[in-house]
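Okay, structure first, notes after.
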Protein chains: 2
Amino acid sequence: MAPAWTDPNCPVARTVDLVGDRWSLLILRDAMDGARSFTDFQRRTGIARNILTERLRKLTAHGLLAQVDAPSGRRRLYALTEAGKDLFPVIVALRQWGERHAFDPDEPHSVLVDATGTRVPALIPASPTGTP
Amino acid sequence: MAPAWTDPNCPVARTVDLVGDRWSLLILRDAMDGARSFTDFQRRTGIARNILTERLRKLTAHGLLAQVDAPSGRRRLYALTEAGKDLFPVIVALRQWGERHAFDPDEPHSVLVDATGTRVPALIPASPTGTP
DNA sequence: CCCGTTTGGTTGCATTTTGCAACCAACCGG
DNA sequence: CCGGTTGGTTGCAAAATGCAACCAAACGGG
């Protein structure tokens, strides 16, 4: 973590530095799906506990998650911040790609739908061209 | 790589298994930006050469990149497949998030524009709700 | 109030992944 | 034919990860 950024000028590289490891994105996926507690995350992802501790700290340190006190009692819970919620399109895009390309043609898999049960259309950048 | 998938049922997890490491997404970013050759990728990302070799193989093995013969001569080059190009929205989403949240407020950074120079609007899933 | 359980960790150690530098064979241009 | 570039490979050191055992502070029931 010493070199600060892999490539300080590229926004993609910075984002990948923050969430581009085996677990962070899955933690955020679960957070978006309602996970709040340490054991919740641990059970859903199957991540090692010490790594989970570290990831939760990293994500909180960078403002993607925040620790909130539970309504009753004082157990600490993690909640998505605005910045964290803002990663939603990334998760959706990853999910849609996975649905299209990471399963065998005959293999069953989920399809992303919204609250009303209709299928969410593919995310497409407004203009179909490259990165300046 | 033995356990096949981190979570076989989740498309997000599968995608992360394929491209969710420190380098793969940056390699794909550069491929989308025109990089084709081994040294091209190596120079742009700064990745260690042995790791680059492994990543290029992994990405080709999973059908995100393909090896093509150079027009003249027979040097091997890597090109994005359809599946690879289909990751474009992911890269765009990562980039947009980075532009919004990974820079200090006063810090200058790039803004994603299309071929005509107009700013690409934020990617937003059609309906604003969660994952079933 | 006391005891067993759950939660949210921490610690130490083994295994795996990365990174670095040196090396190499094939081709390329002149 | 000679030097440089390309696309790697190899060996070793350093860092990240995984696993299992351990722990203190709540809970929760009786």
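All of these numbers come straight from a predicted model, not from anything done at the bench. Below, chain A is the first sequence line, B the second, and so on; all start at residue 1.
Comparing D:dG8, D:dG7, C:dG8 by their nearest atom to the side chain of B:Arg57 picks out D:dG8.
When heavy atoms are screened at a 4.0 angstrom cut-off, A:Phe41 is found touching no nucleic acid atom at all. Contacts of B:Arg43 with the nucleic acid, taken as non-hydrogen atoms under 4.0 Å apart, are absent.
The separation between A:Glu54 atom CD and D:dC19 atom C1' is 16 Å, rounded to whole Å. Between B:Gln42 atom CD and D:dT9 atom C1' the separation is 14 Å, expressed in whole Å. Computed from coordinates, the B:Lys58 NZ to C:dT16 P distance equals 16 Å when rounded to whole Å. A:Asp21 places its CG atom 14 Å from the C1' atom of C:dT18, with the value rounded to the nearest Å. Protein atom CZ of A:Phe38 is 8 Å distant from nucleotide atom P of C:dG8, rounded to whole Å.
No donor-acceptor distance shorter than 3.5 angstrom exists from the side chain of A:Arg14 to the backbone of B:Gly98, with no hydrogens or angles considered. Without hydrogens or angle criteria, B:Arg119 side chain to B:Val111 main chain gives no donor-acceptor distance under 3.5 Å.
Rounded to 10 degrees, the angle separating the terminal helix axes of the helix from C:dC1-D:dG30 to C:dG30-D:dC1, each built from five base pairs, is 40°.
Residues from residues 45-53 of chain A with heavy atoms under 4.0 angstrom of DNA chain C, sorted by number: A:Arg49, A:Asn50, A:Thr53.
For the pair B:Val16/A:Arg22, no side-chain contact is recorded, criterion being any heavy-atom separation below 4.5 Å from C-beta on.
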